[in-house]
Amino acid sequence: MSLRIELEQIVSAWAARNFPDLPPEPWVRPCTDERHGHFQTHLAMVAAKATKQNPRELAERLCKECFPPEGWEKPAVAGAGFVNYRVGPEAVGHALDALRRDPDLGIPKVTKPETIVIDFSSPNIAKAMHVGHIRSTLLGDSLARLLTRTLLGDSLARLLTRLGHRVTRVNHLGDWGTQFGKLLLAYRAAGRPPIESDRAIDQLEEFYKQGHQHAESDPAKMEQARAELAALQVGDPERLQDWRLFCEKSAEHFRRIYERLDVRFDSVRGESAYHEDLPGVVQDLLDKDIAETSQGAVVVRNPEIAEEPYLIRKSDGAFLYATTDLAAIRYRAAELKADRIIYVTDARQQLHFRWLFDTARRSGCQAILEHVWFGTILGPDRKPLKSRDGTPLKLIDLLHEARERARAILQTKRPDLSPVDLETKADLLGIASLKYADQLPNRNLDYVFTWEKLLAFDGNTAPYILNAYVRTRSILRKAGLQKRPDAPVKISQLEEERLARILLRFGDAVELAAADRKPHHLCGYLYELAGQYHRFFEACPVLQLPALRDSRLTLVGLTGEILREGLSLLGIPTLEEM
RNA sequence: GCGCUGUUAGCUCAAUCGGAUAGAGCAUCUGACUUCGGAUCAGAAGGUUAGAGGUUCGAGUCCUCUACGGCGCACCA
């Protein structure tokens, strides 16, 4: 248990006894300025306001009645009614004893485990994955890891699986939309040529582009494209065969990218899987008087959301992605037993999801529905990031470039590496940097992408944190150890006490990132930890002082484990040396 | 027009659902290499948090208005 939580329990118990009407909130927080103390509570001021008492007097009382645990200093009142607490070195040592025995490294268990479906990534068939998919892919992956880890916990977790969230990662592929009419049109006009695996996606994109151009400029072609789609959707064998080919080739492309990113799914289920459910979904909404017909189409209305209605069936009888999403919710609630469904998409779909959730709830959906949205990745010109020719930047090119740049830097820093080693490390560093840089900014904001920032080695970057990790490994190697010793930690210097206190905050950081669905909180924590480790490293010799050696090696080992675990929650691998 | 969202140091970003003197990195300047890995560390400088009101012990954070930007508003996904 973290120092903060230990104190939190004491203070919140006092709050519950004396001010039962106050809404629960975390009363104990780390001080922003160490000079005030290590932890503070503003409880007295909030309680004073609610009960019209004097805040300083209340703070004095809190001080007297809320004894901190053994080994802490006496609390003190400051400012308008803050109460400050300071931990002593022995208490920090004791807390570390608990931390080093905790296989979960301080990550708390959820009290109410849920079955959670996370819908993320969702690329379209016959199109290369591009830069627009990266945030959803990485954010969704991190959320899945965070939510899983929060509950599952490492080894102890197997015993406690039933106490953890059960996370199902879903890739909802765009494999059934109107783009297939245009694609089929051009593909068949070209005589259905074979699709070659190594450039399959490029070929398919080219056909789509042709079909799109033709259809846009020629109403007759547009009509043909519509006919192609209709033929596919009623199950024409030849079109179906073509469609399957497109899906297969696209799946290979996705698989290669997910493999490189180390992202996996429990369920890959495209829009086509819901095709047969759609008439029933619309009929059900009509039966329940949630939907109505309007100008030949079927719509849902809710003036609280918008004037314009939500379209679930076109006047020509075709269905839309709204309909598919409604069908998917039913499937996930009924078949996957989801208590909660989390959608990870860009900000532009907010209105769609408001409609979707509202409609689903009105039709009786019990699952909690959540839209976790994120901003756009911008180029240096503050416009959405594009490749040189103006098309969306392809993910595969992004990964390639990341590796090239990482290799170039490695070659100057580590000319001694063997070619094989160089390749492996360049690949890992490139991907680690890319993943970290993408998850560092608050997901709600647009952010500006630059290669310089991405692969920089100083500042808040993956290489900086990995460097700290590598140094922890290096010291243990030098000490002749495979893993950390498990010795009591004796705090003797300020820089090691600071390091220890940060280590003890890991659980809080993970919990915050998971609760907020914002992995960037974890990035901030890891950066702080890596920075403090570097300062500790400067100030505190580890191997030279026999009396402190085991204690400090334990601290070093714990730092390494938490860095590794934290990075892995972000989907970022570590390496033993770089 | 309606709605969502944003504006913090020259640049890129933080700030734990209202807490103490708003923090980092880059860029600029100054130091520390007989190193447990210098891909590091120490320090300087840089701010009226877009602007104006309001709420209160306390506002970058909440409310109102204004300015500027991004995005979305049936028959694409």
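Throughout, protein chains are lettered first and strands after them, A, B, ... in sequence-line order, and every chain is numbered starting at 1. Quick caveat, the model's predicted, so the values are computed rather than measured.
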Expressed in whole Å, how much space separates the [atom1] atoms belonging to [N] and [M]?
N: B:A24; M: B:G69; atom1: C1'; value: 25 Å
N: B:G18; M: B:G72; atom1: P; value: 31 Å
N: B:C29; M: B:A67; atom1: C1'; value: 37 Å
N: B:A50; M: B:U7; atom1: P; value: 7 Å
N: B:U21; M: B:A59; atom1: P; value: 9 Å
N: B:A27; M: B:C63; atom1: P; value: 39 Å

Within the 6.0 Å centroid threshold, strictly below: [X] and [Y]:
X: A:Phe457; Y: A:Tyr464; answer: no
X: A:His275; Y: A:Phe319; answer: no
X: A:Tyr525; Y: A:His521; answer: no

Take the protein atom [atom1] of [X] and the nucleotide atom [atom2] of [N], then report the distance between them rounded to whole Å.
X: A:Glu496; N: B:C36; atom1: CD; atom2: P; answer: 17 Å
X: A:Leu466; N: B:A39; atom1: CG; atom2: P; answer: 14 Å
X: A:Glu452; N: B:A39; atom1: CD; atom2: P; answer: 20 Å
X: A:His520; N: B:C13; atom1: NE2; atom2: P; answer: 13 Å
X: A:Tyr527; N: B:U40; atom1: OH; atom2: P; answer: 9 Å
X: A:Arg29; N: B:U16; atom1: CZ; atom2: P; answer: 8 Å
X: A:His521; N: B:A14; atom1: NE2; atom2: P; answer: 9 Å
X: A:Asp508; N: B:A15; atom1: CG; atom2: P; answer: 16 Å

Please work out which of the three classes, parallel, tilted or perpendicular, describes the rings of A:Phe180 and A:Trp243, given edges at 30° and 60°. perpendicular
From the options [options], select the nucleotide whose nearest atom is closest to the side chain of [X].
X: A:His42; options: B:C4, B:G19, B:A74; answer: B:G19
X: A:Leu311; options: B:C75, B:G6, B:A20; answer: B:C75
X: A:Tyr464; options: B:C36, B:U16, B:U40; answer: B:U40
X: A:Leu429; options: B:A77, B:U5, B:A39; answer: B:A39
X: A:Ser315; options: B:A74, B:A39, B:C75; answer: B:C75
X: A:Gln40; options: B:C13, B:A39, B:G19; answer: B:G19
X: A:Lys314; options: B:C75, B:A20, B:C13; answer: B:C75

Report which part of the nucleic acid [X] touches: base, sugar-phosphate, or nothing (heavy-atom distance under 4.0 Å, all strands).
X: A:Ala347; answer: nothing
X: A:Ala78; answer: base
X: A:Val542; answer: base
X: A:Asn467; answer: sugar-phosphate
X: A:Glu538; answer: base
X: A:Gln179; answer: nothing
X: A:Pro463; answer: nothing
X: A:Leu410; answer: base
X: A:Leu440; answer: nothing
X: A:Val46; answer: base
X: A:Cys540; answer: base
X: A:Arg313; answer: nothing
X: A:Asp458; answer: sugar-phosphate
X: A:Thr450; answer: nothing

Give a yes/no answer on whether the side chain of [X] brings an N or O atom under 4.0 Å of OP1 or OP2 in [N].
X: A:Lys49; N: B:G18; answer: no
X: A:Tyr343; N: B:A77; answer: no
X: A:Ser474; N: B:C36; answer: no
X: A:Arg354; N: B:C73; answer: no
X: A:Arg535; N: B:A42; answer: yes

Rounded at 0.5 Å granularity, tell me how far [atom1] in [X] sits from [atom2] in [Y].
X: A:Glu495; Y: A:Glu497; atom1: CD; atom2: CD; result: 10.0 Å
X: A:Leu563; Y: A:Leu529; atom1: CG; atom2: CG; result: 4.5 Å
X: A:Arg414; Y: A:Ile409; atom1: CZ; atom2: CD1; result: 14.5 Å

A:Phe82 on top of B:A20's base, within under 5.5 Å and under 30°? yes
Stacked pair A:Phe537-B:C36, distance under 5.5 Å, angle under 30°: yes
Note: for A:Glu576 and A:Ala306 on RNA chain B, the residue whose nearest nucleotide lies more 5' is A:Glu576
When A:Ala530 and A:Met45 are each assigned the nearest nucleotide of RNA chain B, the 5'-most assignment goes to A:Met45
Does any donor-acceptor pair link the side chain of [X] with the base of [N] at a separation under 3.5 Å?
X: A:Lys478; N: B:G37; answer: no
X: A:Thr32; N: B:A22; answer: no
X: A:Thr178; N: B:C76; answer: no

Decide whether A:His42 and A:Glu25 meet the rule of one side-chain donor and one side-chain acceptor closer than 3.5 Å. yes
Is the count of non-hydrogen atoms from other residues, nucleotides or ligands lying under 6.0 Å from A:Glu304 atom CD greater than 12? no
